[in-house]
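Quick notes on the structure that follows.
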Number of protein chains: 2
Amino acid sequence: MLGVKPGAPLNAAGKTDAERLRGDLDQYMADRGLRSTEQRRAIIDAFFDSTEHMSIDDLLLRVRSEDPRVGYATVYRTMKMLTESGVAHEHKFGDGFTRYELGDANTHHDHLICLACGSITEFEEPLIEQLQERVALRYRFLVQEHKHELYGVCEACQKKPA
Amino acid sequence: MLGVKPGAPLNAAGKTDAERLRGDLDQYMADRGLRSTEQRRAIIDAFFDSTEHMSIDDLLLRVRSEDPRVGYATVYRTMKMLTESGVAHEHKFGDGFTRYELGDANTHHDHLICLACGSITEFEEPLIEQLQERVALRYRFLVQEHKHELYGVCEACQKKPA
DNA sequence: ATTATTGCAAATATTTTGCAATAAC
DNA sequence: GTTATTGCAAAATATTTGCAATAAT
């Protein structure tokens with residue numbers, strides 16, 4: 001259990017979400033004969049180690065600090081694999097960069113995006129999800145995914161001098 | 001009052017939303033010495049006449065059916081002007097195209113996007129907006145705009161044979 | 001020995017921009 | 001007559017892809 005943050009929440013099986021997702025990924029790759037390369041391992045490590053919402057450039061920067069010969073295309077291809085396996089989720093917050101976060105199927109959350117500093121905060125509000133389901137029912141719309149994002153100014157940026 | 005749909009809802013001043021927005025636009029353009037050209041008039045007419053959520057290509061197609069010599073760049077530039085004046089709102093629903101709708105400052109609505117046929121339905125749910133404000137308060141976040149979109153399958157597409 | 005993967009460069013796709021020609025004021 | 005606007009082509013931006021070389025199985 002090296003590299004696991006002390007105090008990370010454990011689930012019933014005694015594993016962190018990240019550990020479970022890594023297991024899912026190994027399974028996914030094994031199932032279709034995908035290979036574990038040095039580059040992939042480096043990118044996947046960078047992704048799992050990161051504070052969330054990394055862009056391709058963020059990831060590449062990190063990975064290249066250890067191994068400068070990793071190419072853009074490999075990062076794109078690896079993150080596409082993670083997305084398709086459900087291990088990562090893609091987000092487009094409107095700054096032109098696709099960002100990735102851990103694909104936690106169980107805990108759904110939405111986002112507050114600060115237009116001043118770019119910081120991204122997660123929020124959960126089950127009552128909104130509930131009302132959302134009611135809206136879907138009203139239109140007999142089958143929801144597959146949703147996006148709920150509030151854009152504005154975070155607390156810290158409000159306090160900064162103009 | 002030519003070209004106004006019969007039965008369109010009128011506001012206090014006896015004008016439709018579209019009429020009011022056209023007035024706003026005239027004001028906006030006059031204020032900064034922007035000129036009324038044939039191309040702009042054609043694009044603006046196409047935009048106002050349209051069922052909502054037109055892409056640049058949709059607009060260009062319409063405009064070119066009347067005047068084939070209008071260029072892409074002019075449509076982009078005109079829609080940017082409409083967006084900056086608040087007369088149009090931009091949306092990116094994830095299919096790679098920016099779409100535009102009438103910028104109705106008073107009636108806020110959100111969207112259901114069908115992934116099968118691409119249709120876009122608007123919905124309003126004041127209770128969600130209310131809860132959203134509460135979330136913002138909880139994080140002391142100053143909301144400037146928001147995006148709430150449900151992606152899935154619309155009623156019509158659910159009924160279609162697979 | 002196979003075949004998935006890599007890195008590069010070229011291709012895509014959408015939007016933006018420089019500039020000379022044109023048209024609105 | 002000024003100066004905003006147009007249309008074109010080229011640039012910019014983010015992402016994808018073809019392909020020969022490489023590396024994992």
Side-chain angles (χ1 to χ4, degrees), chain A residues 25-47 53-85 88-100 118, chain B residues 25-47 53-85 88-100 118:
Chain A
L25 181 59
D26 289 345
Q27 190 63 53
Y28 180 91
M29 291 178 71
D31 285 352
R32 33 214 101 198
L34 302 177
R35 293 171 183 178
S36 175
T37 66
E38 252 186 74
Q39 293 93 324
R40 279 187 181 166
R41 283 191 297 272
I43 295 162
I44 293 166
D45 286 350
F47 172 63
H53 310 110
M54 302 276 278
S55 67
I56 295 289
D57 287 276
D58 294 338
L59 288 163
L60 191 65
L61 211 68
R62 278 220 194 189
V63 170
R64 280 200 174 153
S65 74
E66 305 257 320
D67 181 350
R69 31 189 332 123
V70 178
Y72 258 95
T74 303
V75 182
Y76 273 107
R77 286 190 275 229
T78 301
M79 293 317 292
K80 172 151 290 192
M81 178 182 77
L82 295 202
T83 302
E84 275 161 12
S85 70
H89 276 161
E90 273 187 347
H91 286 289
K92 299 192 181 195
F93 292 126
D95 64 351
F97 300 98
T98 299
R99 293 173 184 283
Y100 298 87
Chain B
L25 180 59
D26 290 345
Q27 190 63 53
Y28 179 91
M29 292 178 71
D31 285 352
R32 30 214 105 198
L34 303 177
R35 294 170 183 179
S36 176
T37 65
E38 251 186 74
Q39 291 93 325
R40 279 187 181 165
R41 282 190 298 274
I43 295 162
I44 292 166
D45 285 351
F47 172 64
H53 309 111
M54 303 276 279
S55 67
I56 295 288
D57 286 277
D58 293 339
L59 287 163
L60 191 65
L61 210 68
R62 279 222 195 188
V63 170
R64 281 201 172 152
S65 73
E66 305 256 320
D67 180 351
R69 30 191 331 124
V70 178
Y72 260 96
T74 303
V75 182
Y76 275 107
R77 287 190 275 230
T78 301
M79 294 316 292
K80 173 151 290 193
M81 178 183 77
L82 295 201
T83 302
E84 276 162 10
S85 70
H89 276 159
E90 276 189 1
H91 286 290
K92 299 192 183 197
F93 291 125
D95 65 351
F97 300 98
T98 299
R99 293 173 184 284
Y100 299 86

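So you know, we letter chains A, B, ... as the sequences are listed, proteins then strands, and number each from 1.
Of all nucleotides listed (C:dA24, D:dA14, C:dG7), C:dG7 comes nearest to the side chain of A:Ala73. Considering only side-chain atoms of B:Arg40, the nucleotide from D:dT6, C:dT6, C:dA4 that sits closest is D:dT6. Here the side chain of B:Arg35 is nearest to one of C:dT5, C:dT15, D:dT2, namely D:dT2. Nearest nucleotide to the side chain of B:Leu34, out of C:dT5, D:dT5, C:dT15: D:dT5. Comparing C:dG7, C:dT15, D:dA4 by their closest approach to the side chain of A:Val70 singles out C:dG7. Picking from D:dG7, C:dA4, C:dA24 the nucleotide with the shortest atom distance to the side chain of B:Thr74 gives D:dG7. Listed nucleotides D:dT5, D:dA24, D:dT6 differ in distance to B:Arg77; the shortest reach to its side chain belongs to D:dT6.
Between B:Met29 and B:Met81 there is a side-chain heavy-atom pair separated by less than 4.5 Å. Contact check for B:Leu82 versus B:Tyr100: no side-chain heavy atoms found under the 4.5 Å cut-off. With a 4.5 Å cut-off on side-chain heavy atoms, A:Arg40 and A:Leu34 count as touching.
Remark: A:Gln39 is not in phosphate contact with D:dA23, judged by side-chain N or O atoms under 4.0 Å from OP1 or OP2. A close approach under 4.0 Å does not occur between any side-chain nitrogen or oxygen of B:Ser36 and OP1 or OP2 of C:dA24. Put simply, A:Thr98 has a side-chain N or O that comes within less than 4.0 Å of OP1 or OP2 on D:dT15.
Atom CG in A:Leu60 sits roughly 10 Å away from atom P in C:dG7 (whole-Å rounding). In this structure, B:Phe97 atom CZ and C:dA13 atom P are separated by 9 Å, rounded to whole Å. Rounded to an integer number of Å, the gap from A:Asp57 CG to D:dT13 P is 12 Å. With rounding to whole Å, B:Met81 atom CE is found 17 Å from C:dT16 atom C1'. In this structure, the NZ atom of B:Lys92 is 11 Å from the C1' atom of D:dT13, given to the nearest Å. Taking atom CZ of B:Arg32 as the reference point, atom P of C:dC25 lies 17 Å away to the nearest angstrom. Between A:Tyr76 atom OH and C:dG7 atom C1' the separation is 15 Å, expressed in whole Å. In this structure, B:Met79 places its CE atom 12 Å from P of C:dT16, rounding to the nearest Å.
With hydrogens and angles left out, the side chain of A:Arg69 and the base of C:dT6 share no donor-acceptor pair within 3.5 Å.
In A:Arg41, the CZ atom is crowded: over 12 heavy atoms of neighbouring residues, nucleotides or ligands sit closer than 6.0 Å.
Residue contacts for A:Tyr72: at a heavy-atom cut-off of 4.0 Å it reaches no nucleic acid atom on any strand shown.
Between A:His91 and A:His89, the ring planes are perpendicular. Angles over 60° get that label, and only those under 30° would be called parallel.
Ion pairing between B:Arg99 and B:Asp58 holds under the 4.0 Å rule for side-chain N and carboxylate O.
Residue order along DNA chain C, read from the 5' end via each residue's closest nucleotide, puts B:Ile56 first among B:Arg41 and B:Ile56. Comparing B:Lys80 and A:Gly71, the nucleotide of DNA chain C nearest to each residue sits closer to the 5' end for A:Gly71.
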